[in-house]
Amino acid sequence: MDESDRTPKNLAATAFFQMTGVGVSSEEYLSVLNPEQKEAVKHSGSPLLILAGAGSGKTRVITTKIAYMIDELGILPWHILAVTFTKKAAAEMAERAKHLSPNAVKSHIRTFHSFGSWFLRLYSSNAGIDPNFTVYDDDDMVTLLLKAVPSLNRQQASFIAHKISLAKDYCLTPDSSELSTIESSPEFPVYYAAYEKKLRQTGNVDFGDLIMLPVLMMEADESVRTDMHSRFQVVLVDEYQDSNVAQFKLLQQLVGEKTYVCVVGDDDQSIYKFRGAEVQNILTFHECFPNTKIIKLERNYRSVSPVLTVANDMISNNTQRLGKELVAVREKGKKPTVIFLPAQKDETKLCADMIEKAHKGGCPYSDWAILYRTNAQSLGFETEFLHAKIPYTVVGSLKFYQREEIKDLLSILAFVVNQKDEIAFRRIINKPARGVGGVTQDKVVLNAPNHDLLEGCRLFSSSMSKKAKTGVLEFVAFIDGLISDIDVESSEPGKLSELVDIIIKKSGLGEYHSNQDEIAGTQRLANMQELVNSAVLYNKNRSGLLEFLDHIELDRTLELQNQEDNQDAVTLITLHNTKGLEFPRVIITGLEDGIFPRKDKTEEELEEERRLFYVGITRAKDELYLTSCGLRQLYGRTEYMKVSPFLLELDPKHIDVVGKPPLEFKTLCSDTQEPNTQQGRLASFMENHPELAELADKWKKGRKVYHDDWGYGLIVQTNLDDNCSDYDDEYVINIQFESGSLKKIMPKYQSHSLMLIKD
């Protein structure tokens, strides 16, 4: 920046500052900053990268910096451009900057896409678009592509439109040599070109254009680029770790020789690769903008010291990072607790028990958040909380039974047991599309004998169009097969989960929702699979199916009863959705290999999963719990789980352990000091854990028991027996069941399904 631009010397500028008045004095807003924050606010000249750790007050820094540049450096507010990613973040930034300096109201504080829209309206003639253009969303893109390439069906068009959006995120045009990295199909450039031609004919743009077109225009037209450099002497970017390639290219074009550029972000919180975010943008910023000053904000105002110690331990295993270490302003607190549990249902029961116990002690439900890797994991917690009458809210997603793909499956199951169910019939008869439109459906519904809609399909299929007839008869055959499957008399009917799995595969819903997952980055197939898992406990016959549907209907009823506005509720949320949030007490669940982290990850992908874990850890203000299960329902089967490799990366000295750790975790902790003798160890253990005496007295070796799932059995060993060398904070019993299976059980958490049998 030229020094002459730093002070409002001309009369117009002086009049502006006199008119708008003064907000908070600079001495006042600088006085609340720590030394690193103050250094970042006052910095000028060279490019600046503010590496802002979780809970380090980055929003305060960037808004204070805007006010400081206006009030102290004399930069005219309309010469300042600040961009971020969401409307909410932009609105908050604008409001806070305006509070500090009323003059900031004239600054350009926008989202990336709103800036692109402003730019394209300013230069609409250069871009060859209508100045009153509208922005096409995903559905509009699909519709336009179908018009441009009529040979495509809607499913194909959805996939290609998604790929076009991805190409624009990388600033790739139909003739770009790198386009094959997005989609290798030789037809893709042809489809992309046809779509672009049609789009330009409309005079409108899509979301990808809002970033790509300004980049291409500034690359090609020096006058436009020069105009931008004179308009914006300062460019600030918030949440820079979330930027994609096109947004990085936009920043490059906006920054001229005299432009002051400052980006704020955290490489350790880059978790949106699936949306196109590129962590290399922040890692290489200092290389792309020479003489960059890096200021690290490492003081954390959110979490207690033991939580941050674990966070630092975890993220230090990543190699792709600039490096920083969070330091707690709030030093005292309890160690994070790693809890090992026998099975998945013990995890949900434990969480419910912990939350209810704390609530009885005066802790609000809203203090708690349960974090998980995928949306599908919410079902177990929703079910447990509904029955325990613990209020909860699912953030960033519908509650499980309200999700589209689950409603689809349940509609098929409902129609199998009741062919008069018109609501279920209309939902599933043409999904996926079978050419059976509303008129055809109305005909069947109005004329079906005794309102038997399946019989109506049989009777009236001959009068339908060829396409509708084929679709209807395929549907009839499919439903008939399912009905036959549940009406077969058998002493061993199998598991209902097998039927649900068949429906996913043979109905076409599995492929349909899987394609939606690829396009939208959703987890619908995983949600459907979770419904399969929940059906494991029911028989594959008509009574089993009815019992399953009754169970779900009960949960739905409980859900409706608990829907009254209650701000005091537990938060259920995926790890991705926790970004920017904080909670006094956090439980991160499902820490098993294959659940978190997900399976088959490359080293680069594993680093992002580790960053996701780091984000989850740093949401906790006061208490952090990490749970891992030995058994979990996956793909309709009970699977033995390995502990998450992330737990093996923790320093044992920085955590407390509850439950029976797996062998690999015990090996990690093998240097722990233990009492020398067996009796000494037992006495020491019981002295430190008097609350277990009652459990040990009740669930003794030799007692007969009955378990809801595994039947009758005998307690053959406990972790307090003379021949047992491992004691921990929980009482564990080994039960030999009549079926031949040997199970380890924690009666404290499984008493709801376990009972003693008197001789």
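Inspection of the Glu239 and Thr84 side chains reveals no N or O donor paired with an N or O acceptor under 3.5 Å. A donor and an acceptor atom, one from each side chain of Ser270 and Glu608, are nowhere located under 3.5 Å apart. At a cut-off of 3.5 Å, with distance as the only test, a side-chain donor of Asn527 or Glu405 sits close to an acceptor on the other residue. Counted by atom type alone, Ser514 and Glu511 present zero donor-acceptor pairs between their side chains at under 3.5 Å. With hydrogens and angles left out, the side-chain atoms of His387 and Asp555 include a donor and acceptor closer than 3.5 Å. Using modelled atom types, one finds no donor on one side chain facing an acceptor on the other under 3.5 Å when comparing Tyr614 with Glu609. Between the side chains of Asp408 and His513, at least one donor N or O sits under 3.5 Å from an acceptor N or O.
Distance alone, capped at 3.5 Å, is enough to place a donor-acceptor pair between the Arg434 side chain and the Ile429 backbone.
A 4.5 Å side-chain heavy-atom check between Leu509 and Lys431 finds at least one atom pair inside the cut-off. In this structure, Asp206 and Leu144 have side chains that are not in contact, with every pair of non-hydrogen atoms separated by 4.5 Å or more. Using a 4.5 Å heavy-atom cutoff, the side chains of Pro597 and Arg610 are not in contact. Looking only at side-chain heavy atoms (C-beta outward), Phe583 and Ile370 stay at 4.5 Å or farther from each other.
The distance between the ring centers of His113 and Phe85 does not fall below 6.0 angstrom.
Rounding to the nearest 0.5 Å places CZ of Phe381 at 8.5 Å from CD1 of Ile355. Expressed to the nearest 0.5 Å, how far CG of Leu545 lies from OH of Tyr538 amounts to 11.0 Å. Between atom CG of residue Leu754 and atom CD1 of residue Ile735 there is a gap of 5.0 Å, rounded to the nearest 0.5 Å. The CD atom of Glu639 lies 9.5 Å from the CG atom of Asn533; values are rounded to the nearest 0.5 Å.
Between Val445 and Arg426, the shortest heavy-atom distance links the atoms CG2-NH2, 3.7 Å. For the pair Gly590 and Ile595, the tightest heavy-atom approach, listed with the atom from each and the gap, is O-CG2, 3.3 Å. Arg403 approaches Ser378 most closely through the heavy-atom pair NH2-OG, 3.0 Å.
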Quick one: do Arg275 and Asp242 satisfy salt bridge (charged side-chain N to carboxylate O under 4.0 Å, His left out)? Show the steps, please.
CA-CA 9 Å; Arg275 293 182 189 167; Asp242 294 336; over 6 Å; no
Run Asp501 and Lys540 through salt bridge (charged side-chain N to carboxylate O under 4.0 Å, His left out) and show every step you take.
CA-CA 12 Å; Asp501 197 41; Lys540 190 176 72 170; over 6 Å; no
Evaluate side chain to side chain contact (heavy atoms under 4.5 Å, CB included) for Trp368 paired with Cys363, printing each intermediate quantity in order.
CA-CA 9 Å; Trp368 291 91; Cys363 174; 3.6 Å; yes
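Judged by the 6.0 Å distance and 45° axis criteria, Lys399 is positioned over the aromatic ring of Tyr392.
Ring orientation note: the planes of Tyr272 and Phe274 are nearly perpendicular, at an angle over 60° on the 30°/60° scale.
Tyr640 pairs by the ring-ring contact (aromatic ring centres under 6.0 Å, His included) definition with nothing, not counting sequence neighbours.
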